[in-house]
Amino acid sequence: MICLAVPVTCRNDAERALIRAQGRCDIVELRIDHAAEPGEWLEAVVGGRTLPAIVTDRCPAEGGRSPRTQAERLDLLARAAAAGAEYIDCEYRALAELPVIPAATRVIGSYHDFKGCPDDLDRIFRSIEKSRADVVKVAVQAVRNGDNFRLFKAMRKVKKPVIGICMGPKGEMTRILGRRYGNILTYAADDDGTGTAPGQVTVRELREVYRYKSITPATRVFGVAGNPIGHSASPAIHNAAMEALGIDAVYVKFLVDDMHAFMRAFRAAGFEGLSVTLPHKVALMECVDEVDELSRQAGAANTVFRKGKKLACTNTDIRAAVDRLADLAGGLTGKRVAVLGAGGAARGIVYGLRQGGADILIVNRTVSRAEELAATMGCRACGYPAFTGDGIDIVVNTTSVGMHPDIDASPVEAGVLRPGMIVFDAIYNPPDTKLIRMARDRGCRTLTGVDMFLAQGEEQFRIWFGRPAPQGVMAGAFARR
Ligand code: ATR
């Protein structure tokens, strides 16, 4: 079930939430601890509800705002139950004091820790299970990535209906994947982001991006690891492609600080594929069993996949760039390519293009750096003043010149761009850089960072599922974001 979690300050809030949730959510949690006098209207709201409801009057000690005594809170819960609420949520330590309530109302016995994830999770789940609770709920703060996996493990042992959540940005994945480990519901924020706890995913995202209700214990798990990761577009494009092909899989975001520890947990959990973004593209190569030559040369990898029992990695940023450039240019053999920049990003693409048979000129501000790279890759080098664009078929920008907020900068002058040239800018923010705009004006064919983001995603999809993502689906999902 998707549960809209609503901080309710007055009767109006509660009634509006019940209406708003209709058709989008299965149940609404009315957090009456945000209200001063809920006793004045609680029974009327519950009696007139148009969706199933959970009534919660959370105490400050467990992260709530209720100004009431325990006795007053329990009395309100009992009244909500008598009015027909499907669920009441009571801190499990207070359960012994809860009066007898109608059998039709189920009691969620809950435990909260907003500071961390306790070592004795198993014991906490067990204590609640042994109490009079009908549903066992544990919500803890994810401090380390491993906390999410510890929670899943502990949840699996519970026989009663269960709700396990890791709160906070590191725990976001439990709000989606928890269903795979038996969660009967997930608490969702409203589409404007209003929720009741840190890390809640919006109703729209749960439904439209993650297809929450189709997740089962058999659903295969993929995702993207990075830090920060909040604005990643990868879940939108990959989930859209999985849905379009009817693949029983889900793709989530992992906010990761320790890549080694995360990869150990990833491996043990049996998750299948991973996109990796900043700052973990280098560390990733130390965490898998097999690193391909392309990643080694680039000094970075961005894709994890399973190869039998082993985990392997590759670099689809480069594979996709080389493939797309080859498509546009009608093959790379003998094509003359100017690569702007001589850093890590340049190294990978130069290697890939050389494998494709291109003839490469490395252009860099620091000429000695260009010369060093050129010597190891068997190509030529020069500085910007010497670069005229003469005879060049393809220009590839690997520098950060033109990236937000410096959007009016370009690594080269318009004069070096010629009609018919192919110009690829690896920068995706903004999507149309000054270089790309100049290239279009000069009659060049262009590949933007966004084109490449989609192409590397399609390449990942093909690696994971052995078939292409349906034409246009990822681009459509990206555009709708
Ligand atoms: P990355 O791994 O992303 O390639 P890097 O190794 O720091 O990062 O390389 C950055 C590249 O962008 C270098 O080629 C750098 O040129 P220098 O080697 O001369 O430093 C280039 N670059 C960064 N800022 C630049 C600028 N303002 N003008 C021209 N080139 C620039």
Side-chain angles (χ1 to χ4, degrees), residues 226-228 232 259 275-286 291-303 313-322 325 337-354 358 360-389 392 394-417 423-431 433-439 447-453 455-456:
N227 190 353
S232 173
M259 194 59 182
S275 312
V276 178
T277 184
L278 299 178
H280 301 308
K281 290 186 177 191
V282 178
L284 166 61
M285 297 192 294
E286 297 162 5
V291 179
D292 70 350
E293 187 57 24
L294 187 60
S295 309
R296 242 188 265 285
Q297 288 291 336
N302 76 332
T303 307
C313 73
T314 185
N315 190 318
T316 65
D317 288 331
I318 294 167
R319 283 163 73 145
V322 171
L325 289 171
V337 184
V339 173
L340 312 180
R347 186 179 180 85
I349 193 117
V350 167
Y351 174 80
L353 293 167
R354 284 292 288 149
I360 296 172
L361 171 65
I362 299 169
V363 186
N364 198 41
R365 178 177 59 182
T366 312
V367 181
S368 60
R369 228 180 147 195
E371 285 169 342
E372 266 170 50
L373 181 57
T376 62
M377 295 284 179
C379 35
R380 293 169 296 130
C382 72
Y384 287 101
F387 178 58
T388 61
I392 295 292
I394 301 173
V395 174
V396 176
N397 177 37
T398 71
T399 75
S400 53
V401 181
M403 193 185 291
H404 181 84
D406 262 334
I407 57 170
D408 286 321
S410 163
V412 291
E413 299 291 324
V416 305
L417 306 174
V423 177
F424 162 38
D425 196 338
I427 294 171
Y428 57 85
N429 180 17
T433 58
K434 172 93 183 281
L435 176 64
I436 290 289
R437 284 180 277 134
M438 285 184 343
L447 262 183
T448 67
V450 170
D451 295 331
M452 291 320 307
F453 170 73
Q456 67 77 31

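Bear in mind the structure is a predicted one, so any value in this text is a computation, not a measurement. As the structure lists them, so they are numbered: ligands from 1, and atoms in each ligand from 1. Excluded from the calculations below are hydrogen atoms, water molecules and symmetry mates; all remaining heavy atoms, backbone and side chain alike, are included.
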For ligand 1, does [X] get within less than 4.0 Å through its side chain, its backbone, both, or neither, judged by non-hydrogen atoms?
X	answer
Asn364	side chain
Thr366	both
Arg365	both

Purely on distance, is any nitrogen or oxygen of Gly341 under 3.5 Å from one on ligand 1?
no

side-chain contact (heavy atoms from CB on, under 4.5 Å) evaluation trace for Leu340 with Tyr384
CA-CA 9 Å; Leu340 312 180; Tyr384 287 101; 3.8 Å; yes

What protein heavy atom lies closest to [atom]? Include the residue and the distance to one decimal.
atom	result
atom 9 (O) of ligand 1	Gly343 CA, 3.5 Å
atom 3 (O) of ligand 1	Ala345 CB, 4.1 Å
atom 8 (O) of ligand 1	Gly344 N, 4.4 Å
atom 12 (O) of ligand 1	Thr399 CB, 3.4 Å
atom 13 (C) of ligand 1	Arg369 NH1, 3.5 Å

Under a 4.5 Å cut-off applied to non-hydrogen side-chain atoms, are Phe387 and Leu361 in contact?
yes

Between Arg437 and Asp408, is there a side-chain heavy-atom distance shorter than 4.5 Å?
yes

Could you pull out, from Val282, Val401, Thr398, the option with a heavy atom nearest to atom 28 (N) of ligand 1?
Val401

Look only at the side chain of [X] and the backbone of [Y], and say whether a donor-acceptor pair between them is shorter than 3.5 Å.
X	Y	value
Arg296	Val291	yes
Asn315	Ile318	yes
Arg354	Met377	yes

Leu435 and Leu417: side-chain contact (heavy atoms from CB on, under 4.5 Å), yes or no, with the steps?
CA-CA 9 Å; Leu435 176 64; Leu417 306 174; 4.2 Å; yes

Work out whether the distance between some heavy atom of Ala342 and some atom of ligand 1 is less than 4.0 Å.
yes

Partners of Ser275 by side-chain hydrogen bond (donor to acceptor under 3.5 Å, both in side chains), sequence neighbours excluded?
Tyr251, Gln460

